[in-house]
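What follows is a single structure, written as structure tokens, with notes after it.
Lettering follows sequence order; numbering is per chain, from 1.
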Protein chains: 2
Amino acid sequence: MTDDPRWLSARELQAWMRLEAVAELLPAALDHQLQRDADLSHYDYLVLAKLSEAPDRTLRMSGLAASTNATLPRLSHVAARLEARGYLTRTRAEDDRRATLATLTEEGWRKVVATAPTHVAEVRRLVVDRLSPEQVVQLDAIALAVLGALDPENRLEAQNPVAGA
Amino acid sequence: MTDDPRWLSARELQAWMRLEAVAELLPAALDHQLQRDADLSHYDYLVLAKLSEAPDRTLRMSGLAASTNATLPRLSHVAARLEARGYLTRTRAEDDRRATLATLTEEGWRKVVATAPTHVAEVRRLVVDRLSPEQVVQLDAIALAVLGALDPENRLEAQNPVAGA
DNA sequence: CCTAGAGGGTTGAAGCGTCAACCTTTGGCT
DNA sequence: AGCCAAAGGTTGACGCTTCAACCCTCTAGG
């Protein structure tokens with residue numbers, strides 16, 4: 001490959017390794033809490049939460065996938081399970097029969113309402129309450145900068161290795 | 001456990017959602033790059049990298065699991081695959097016959113050396129080079145604070161790059 | 001029309017992580 | 001010595017994500 005890798009400085013390396021550790025441990029911790037308290041994965045919760053905030057508590061699958069930073073197949077499987085558990089329903093869209101609309105049920109709504117407080121408390125315990133107000137602002141800016149590279153303006157799409165024209 | 005939910009402020013919520021997105025997308029991006037360029041998962045690479053930095057390129061499984069922020073069963077499965085591919089070997093420890101020592105092979109060493117430059121370049125592209133020097137310091141402090149909650153045992157590691165530059 | 005192709009979702013197989021059960025070794029206690 | 005609990009790892013089953021293949025619908029061209 002290239003001759004000069006431009007290795008990381010000590011500071012950069014340390015920050016990177018700590019971010020790596022957070023990225024590894026944080027999702028697991030959130031999954032654990034939600035699994036224990038609500039029998040939901042973190043992603044399950046995200047799906048229900050996003051629906052609960054949407055107009056008519058309804059979103060298209062593709063939009064829901066984008067707003068939860070997931071691929072469509074993943075959402076499709078998750079939605080199938082959540083539907084089987086009675087938390088949401090899927091229907092074909094009237095205007096575009098290709099599209100599927102996911103709608104939160106009453107039971108799904110109650111699930112979110114019942115789950116949110118403890119989940120937020122956990123988010124506070126693990127992250128927000130450990131940071132100063134300035135650090136919250138800094139984190140916001142840093143995460144935004146990184147997202148710029150992760151999702152180049154492209155609400156998560158593109159699984160093509162080479163250009164598809 | 002349910003006195004007052006203490007909801008997040010707008011600022012806190014935004015920072016949190018962005019961190020959530022990063023935690024979701026960053027591991028996937030790194031996995032993709034390593035899978036494509038070296039046929040390794042991000043975690044595979046971490047294991048090989050940690051071994052490459054260790055004395056005699058050897059570590060106990062439990063220590064290796066801790067330093068890669070993973071559970072022992074996970075590491076055990078990964079080590080079995082990496083051993084099958086010839087990148088490391090596992091032997092019983094002399095002093096404590098319960099323990100298993102993982103040792104990087106010559107081929108494993110070569111794999112790390114060959115893989116590191118492009119991986120570092122990707123880390124730069126996605127994270128480090130998108131941040132100002134001040135933000136790198138901020139990120140370090142923020143990640144450390146969060147790790148304090150995620151890792152009660154505080155087994156924070158020292159770092160040592162494979163090569164200098 | 002009717003056909004090609006793109007957009008939107010779903011499905012099934014394969015791979016990885018988690019959990020619980022298990023085996024072996026070590027160390028403490030009598 | 002003898003026993004029992006804990007420490008260190010491994011294994012197998014199960015669940016979730018990914019990838020590729022597929023189906024249906026909409027749109028554009030001829």
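- Remark: P of C/dC16 and CG of B/Leu46 are 16 Å apart, rounded to the nearest angstrom.
- Between the A/Glu83 side chain and the A/Arg90 main chain, a donor and an acceptor come within less than 3.5 Å of each other.
- The A/Thr71 side chain lies nearest to D/dT18 when the options are D/dT18, D/dT10, C/dG8.
- Between B/Leu75 atom CG and C/dG17 atom C1' there is a gap of 12 Å when expressed in whole angstrom units.
- Two residues, B/Gln35 and A/His32, neighbour DNA chain C, and the one matched to the more 5' nucleotide by heavy-atom proximity is B/Gln35.
- Listed candidates were D/dG8, D/dT11, D/dT17. Nearest to the side chain of A/Arg81 is D/dT17.
- Ranking C/dT18, C/dG8, D/dT10 by closeness to the B/Met61 side chain, first place goes to D/dT10.
- Distances were taken from every side-chain heavy atom of B/Pro73 (C-beta onward) to each of D/dT11, C/dT10, C/dG17; the shortest belongs to D/dT11.
- Nearest to the side-chain atoms of A/Tyr43 among the listed nucleotides D/dT17, C/dG17, C/dG8 stands D/dT17.
- Only one option out of B/Asp31, B/Asn69, B/Thr68 pairs with B/Tyr43 in a side chain to side chain donor-acceptor pair (under 3.5 Å); it is B/Thr68.
- A donor-acceptor contact shorter than 3.5 Å is absent between the side chain of A/Arg18 and the backbone of B/Leu144.
- The interatomic distance linking B/Arg36 (CZ) with D/dT18 (C1') rounds to 16 Å, in whole Å.
- Regarding B/Asp95, its CG atom lies at a distance of 15 Å from the C1' atom of C/dG27, rounded to whole Å.
- Protein atom CG of B/Leu72 is 14 Å distant from nucleotide atom C1' of C/dC23, rounded to whole Å.
- Comparing B/Leu101 and A/His77 against DNA chain D, the residue whose closest nucleotide sits nearer the 5' end is B/Leu101.
- If you check every strand for non-hydrogen atoms under 4.0 Å, A/Thr100 touches sugar and phosphate atoms only.
- Whole-Å rounding puts the B/Arg92 CZ to D/dT10 C1' distance at 9 Å.
- Side chain of A/Ser52 to main chain of A/Ala49: a donor-acceptor pair is present (N/O by atom type, distance under 3.5 Å, no hydrogens or angles).
- Distances shorter than 4.0 Å separate none of the side-chain N or O atoms of B/Arg97 from OP1 or OP2 on C/dC23.
- When the C1' atom of D/dC16 is taken as reference, atom NE2 of A/His42 falls 15 Å away, rounded to whole Å.
- Under 4.0 angstrom from either OP1 or OP2 of C/dG9 there lies at least one side-chain N or O belonging to A/Ser62.
- A/Arg98 has no side-chain polar atom (N or O) that falls below the 4.0 Å cut-off from OP1 or OP2 of D/dT27.
- When the P atom of D/dT18 is taken as reference, atom CG of A/Asn69 falls 12 Å away, rounded to whole Å.
- In the model, A/Gln35 has no side-chain atom that pairs as donor or acceptor with a side-chain atom of A/His42 under 3.5 Å.
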